[in-house]
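Order of the sequence lines sets the chain letters (A, B, ...), proteins ahead of strands, with each chain counted from 1. If you're wondering where the values come from, they're calculated on a predicted model, not measured in any experiment. We use all heavy atoms of the structure for the numbers below, so side chains are in, but hydrogens, waters and symmetry mates are not.
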Amino acid sequence: MQLKEILFEKLKISQEGIGKTKTGISTAAAELEKLHDQHEIVPLIEDYRELTKLQSTYVDALPKLINPKTGRVHTEFNQTITATGRLSSSNPNLQNIPIRTAWGKAIRKAFVADRGQRIVSADYSQVELRVIACLAKDKNMMEVFKKGEDIHATTAAKIFEVPLEKVDKEMRSAAKEVNFGVLYGMGAYGLAWRKKISRERAREFIEKYFETYKDVKIYLDKIKDTARDLGYVQTLFGRRRYLPEINSGVAQVRLSAERMAINMPIQGTAADLMKIAMIEVYKVIKDINQKSFNHEIIVKMMLQVHDELVFEVPMDMVEQVAKIIDEKMEKIHKLEVPIKVDTEAGKNWQEMEELY
DNA sequence: ATCCAAAGCCAC
DNA sequence: AAACGTGGCTTTGGAT
Ligand SMILES: Nc1nc2c(ncn2[C@H]2C[C@H](O)[C@@H](COP(=O)(O)OP(=O)(O)OP(=O)(O)O)O2)c(=O)[nH]1
Ligand SMILES: [Mn+2]
Ligand SMILES: [Mn+2]
């Protein structure tokens, strides 16, 4: 029995303003939120959805996949799946471990370092914004990064209408969706719907965004033009994505291809930078391990999460190793803006403390 | 028993 | 007027 039948047929809750799917009425989380106060069952369904998702995908699944020999969960990193050059992870996917909600954080906390070890994580700061600032040679955006400012935080202050100092981690995270969404072609309608703001405010935000970063706008338009001419787009390092549908006569298909076209060079360049960084970081880690007692592998590169590398490091080496990794990643390729990496360490993947 | 599409949702 | 992108996993319901 489907949830939509219960809500809209049995309980006869109004369908006013509720979005549709191909087959009927949507019961997605954002739509349920609208019904939150319409019936006492709705908040319970929202909680149920979150909990069963986390239970089935992570709590039930991951412990079964612990390798008895290593005591660890091992993933596969796929190198030839994505259209942009990113890796993907499967069986299980360890690139989508929860972090957002309280229960999600509890799951992430289960990823712990071995005895005497610490988890070290190094994540590129605002990575695709830095990449696009360079590719577009956008004066204003490059200036922002040279000054060491934070566009996610700035956007959060605007969307939530609070002073910059009042922006917390959760608000900053929510602002990422706005920054990347707007960049990659989100409309005023979509922005208003996602952020629960008026269409007018959304429209104004997008307009000012591209007014502020007008070279970005010009650059994105130029990518579409060259995609139409050549039939492909490419990253800074020449990785290509072919997009034959960019010249489709069907507007929906063509516009979709245009959004793919503007995203790929940015997401792909960030992926290229990370892949090069992984090779270089591996080399220095290998050197460190070769100098260890009995050439034992003591520093381990464990995971890649698109713009983040996760390591296991002996606790007495954390500061030294983190510094080497951090510098290698930041200097991986000379761009016209500084590339910043945020490095953290902790006993588990949830309770991490920033280094330096 | 196996495959498939759709909806929904986790992450970057 | 509309229209962020990239993935993978689970559940459901239907078909082979
Ligand atoms: N199109 C799109 N790309 C996203 C989204 N979320 C993340 N990304 C991409 C762009 C980010 O630069 C990149 C890495 O994600 P992060 O969570 O590390 O964010 P970012 O590096 O921008 O900020 P940070 O300083 O690390 O908190 O992944 C999204 O909602 N839409
Ligand atoms: Mn990042
Ligand atoms: Mn990240």
Side-chain angles (χ1 to χ4, degrees), chain A residues 1-5 19-32 45-46 48-62 65 75-101 103-105 107-108 121 123-124 126-128 131-132 152 173 176-195 199 202-203 206 209 220 223 233 241 243 251-271 274 303-310 349:
Chain A
M1 173 76 102
Q2 292 290 287
L3 175 60
K4 55 164 134 324
E5 295 166 23
K20 284 185 179 171
T21 64
K22 284 177 192 171
T23 53
I25 316 148
S26 169
T27 65
E31 303 297 338
L32 286 181
I45 292 167
E46 293 174 311
Y48 177 84
R49 275 270 178 85
E50 181 194 342
L51 263 38
T52 54
K53 170 76 179 179
L54 296 178
Q55 181 74 30
S56 61
T57 310
Y58 305 100
V59 180
D60 291 338
L62 292 178
L65 298 172
T75 183
E76 295 169 19
F77 282 107
N78 313 295
Q79 301 206 63
T80 56
I81 295 283
T82 71
T84 58
R86 275 186 172 189
L87 302 183
S88 79
S89 160
S90 56
N91 305 309
N93 183 357
L94 294 184
Q95 290 182 321
N96 71 340
I97 299 305
I99 192 171
R100 237 172 57 247
T101 65
W103 286 112
K105 287 182 168 73
I107 289 167
R108 183 166 281 232
S121 153
D123 185 303
Y124 281 109
Q126 308 174 69
V127 63
E128 288 183 27
V131 166
I132 203 169
H152 292 325
S173 278
K176 286 182 190 177
E177 192 184 354
V178 177
N179 282 325
F180 296 120
V182 170
L183 214 46
Y184 299 130
M186 191 187 284
Y189 191 93
L191 177 57
W193 179 78
R194 281 180 178 75
K195 292 295 136 185
R199 235 118 77 205
R203 191 196 58 72
I206 294 169
Y209 192 95
L220 294 175
I223 294 180
V233 290
R241 178 176 186 179
L243 291 160
Q252 196 176 324
V253 171
R254 183 180 61 249
L255 290 168
S256 169
E258 286 180 0
R259 291 190 299 276
M260 295 177 197
I262 59 179
N263 175 262
M264 186 274 174
I266 322 301
Q267 187 180 112
T269 297
M274 175 52 102
L303 293 176
Q304 188 254 42
V305 192
H306 309 301
D307 75 330
E308 173 187 13
L309 293 176
V310 181
W349 202 9

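Distance A:Leu255 CG to C:dA1 P: 16 Å, rounded to the nearest Å.
Using a 4.0 Å heavy-atom distance criterion, A:Glu308 is classed as making no nucleic acid contact. Within the nucleic acid shown, A:Arg199 has no heavy atom closer than 4.0 Å to any nucleic acid atom. Using a 4.0 Å heavy-atom criterion, one finds that A:Gly185 contacts the bases of the nucleic acid, with or without backbone contacts as well. Across all strands, A:Ser89 comes closer than 4.0 Å only to sugar-phosphate atoms, never to a base (heavy-atom distances). Note on A:Ala188: nothing from the nucleic acid sits closer than 4.0 angstrom, heavy atoms only. Across all strands, A:Ala251 comes closer than 4.0 Å to no nucleic acid atom at all (heavy-atom distances). Nucleic acid contact for A:Ala29: sugar-phosphate only, since backbone atoms but no base atoms lie under 4.0 Å from a heavy atom of the residue. A:Tyr189 comes within 4.0 angstrom of the backbone, heavy atoms only, and of no base. A:Gln267 comes within 4.0 angstrom of a nucleotide base, judged by non-hydrogen atoms across all strands.
Taking side-chain N and O atoms only, A:Arg100 has no distance below 4.0 Å to OP1 or OP2 of B:dC9. The side chain of A:Ser90 contributes no N or O atom lying less than 4.0 Å from OP1 or OP2 of C:dG8. Phosphate contact (OP1/OP2 of C:dC4, side-chain N/O of A:Arg194, threshold under 4.0 Å): present. At C:dG8, one or more side-chain N or O atoms of A:Ser88 fall inside 4.0 Å of OP1 or OP2 (strictly under the cut-off). One finds no side-chain N or O of A:Arg86 lying less than 4.0 angstrom from the OP1 or OP2 phosphate oxygen of B:dC12. OP1 or OP2 of B:dG8 lies within a sub-4.0 Å distance of a side-chain N or O belonging to A:Ser26.
Once rounded to the nearest 0.5 Å, the distance linking CG of A:Leu87 with CD of A:Glu76 reads 13.0 Å.
Residues passing the ring pair (Phe, Tyr, Trp, His ring centres under 6.0 Å) test with A:Phe180, sequence neighbours excluded: A:His152.
No option in A:Ile266, A:Thr269, A:Leu183 other than A:Ile266 meets the side-chain contact (heavy atoms from CB on, under 4.5 Å) test with A:Glu128.
Between the side chains of A:Asn78 and A:Ser90, at least one donor N or O lies within less than 3.5 Å of an accepting N or O.
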